[in-house]
2 protein chains.
Amino acid sequence: MWIEIDFRDKRPLYEQIASKIEEMILRGVLSKDEALPSVRSLAMELSINPNTIQKAYSTLEAEGLTYSVSGRGSFVADAGGLLPKKREEIFRELDGIMQKAKVIGLTRLELMAYIQGDVKSSPGRTKAKEESDR
Amino acid sequence: MWIEIDFRDKRPLYEQIASKIEEMILRGVLSKDEALPSVRSLAMELSINPNTIQKAYSTLEAEGLTYSVSGRGSFVADAGGLLPKKREEIFRELDGIMQKAKVIGLTRLELMAYIQGDVKSSPGRTKAKEESDR
DNA sequence: CAAGTGTACTAGATCAACTAATACACTTAT
DNA sequence: ATAAGTGTATTAGTTGATCTAGTACACTTG
């Protein structure tokens with residue numbers, strides 16, 4: 001009903017699952033205090049070992065995105081307070097990219113132009129995709 | 001004399017080494033046709049197994065950044081032709097960041113502002129560092 | 001009580017990364 | 001020619017992360 005596993009993805013399964021749930025939480029697809037699928041049921045659905053799901057849920061809880069109640073289940077935490085941290089994470093990544101860009105002579109202006117326009121020299125992106133970005 | 005290994009870095013050693021050499025090549029620190037340290041000497045210097053250096057050099061050669069001559073050594077290739085490819089790589093990374101940003105409501109404008117200003121809310125960056133960026 | 005929940009633990013399989021040792025063909029300097 | 005240094009290949013073993021498998025326990029709910 002939910003997630004599908006991408007086997008071309010080389011990240012560990014538990015990380016892949018955790019990041020997809022994280023995205024749904026941040027997007028608001030999953031509301032505060034909403035119950036996540038049980039460890040066993042999601043494991044069954046994805047044909048994966050329950051321990052792997054358990055690990056994914058553990059990392060989510062460790063990051064404050066969910067909370068667990070023994071005997072009841074795992075639930076979505078309040079995502080609002082986590083946005084500043086996520087924002088920092090993204091800026092940190094951006095720092096790394098800017099450093100790489102500088103090495104090959106890509107200026108800040110060119111990066112900004114790419115972000116603004118988006119279209120230029122990115123074969124994977126189509127007009128249609130562009131539209132769907134809203 | 002050259003590279004130092006960062007053990008806090010969780011990437012594989014060979015990748016870490018390769019990327020540092022790659023950066024030096026793209027920066028122009030290493031000129032075209034300049035000889036790299038021999039597999040054995042660099043291994044000795046870094047207290048690392050020669051096979052690990054060998055793997056780093058292999059990946060560099062596979063990416064077209066170096067070329068090897070049996071019995072003579074490994075040398076820096078012409079980096080000029082590789083810039084477009086690297087540029088694409090960076091834009092691809094930028095696409096990923098933009099997607100993450102959109103999820104948490106970070107606008108393109110905010111990303112652009114960060115690139116332009118750079119300073120805001122990045123605790124690791126100091127005025128001094130900013131200056132050294134040239 | 002029974003079923004479903006999170007959680008913990010042990011055990012084994014698999015794979016990538018790394019170390020270790022050895023070998024071969026080549027080039028260069030002596 | 002010899003020796004030293006080079007890239008390259010091969011085999012073997014270690015380690016750690018990932019994943020599967022099975023079991024167990026305490027908890028909550030109907």
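Order of the sequence lines fixes the chain letters, A, B, ..., with proteins taken first and strands second; residue numbering starts at 1 for each chain.
The backbone N or O of P37(B) sits nowhere less than 3.5 Å from a side-chain atom of S41(B) that would complete a donor-acceptor pair.
A heavy-atom distance below 4.0 Å to DNA chain C is reached by these residues of residues 67-79 of chain B, ordered by number: S70(B), G71(B), R72(B).
Other residues, nucleotides and ligands place no more than 12 heavy atoms under 6.0 Å from the CD atom of Q99(A).
For S74(A) and T66(A), the side-chain atoms include no donor-acceptor pair closer than 3.5 Å. Using modelled atom types, one finds a donor on one side chain and an acceptor on the other under 3.5 Å when comparing Y114(B) with D95(A).
Taking NZ from K86(B) and CD1 from I104(A), the interatomic distance works out to 8.5 Å, rounded to the nearest 0.5 Å.
Backbone-only engagement by E61(B) is indicated by non-hydrogen atom pairs under 4.0 Å involving sugar-phosphate atoms exclusively.
Salt bridge annotation for K100(A)-E93(B): present, with a cationic side-chain nitrogen under 4.0 angstrom from a carboxylate oxygen. A salt bridge does not link K85(A) with E89(A): every distance from a Lys NZ or Arg NE/NH1/NH2 to an Asp or Glu carboxylate oxygen is 4.0 Å or more.
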>> How would you summarise protein contacts on nucleotides 14-24 of chain C per nucleotide, using B for base, S for sugar-phosphate only and - for none, with heavy-atom distances below 4.0 Å?
In response: ---SSBBB-B-
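In this structure, the side chains of L46(A) and T52(A) stay at 4.5 Å or more apart for every pair of heavy atoms.
Mapping heavy-atom proximity under 4.0 Å, the span of DNA chain D touched by chain B runs 5' to 3' from dG5(D) to dT10(D).
Residues V29(B) and I21(B) share a single hydrophobic cluster, defined by chaining ILVMFWY side chains whose heavy atoms lie under 4.5 Å apart.
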>> Working note: I115(A) + I115(B), criterion side chain to side chain contact (heavy atoms under 4.5 Å, CB included); need CA distance, chi angles, decisive distance, verdict.
In response: CA-CA 10 Å; I115(A) 290 180; I115(B) 291 179; 3.6 Å; yes
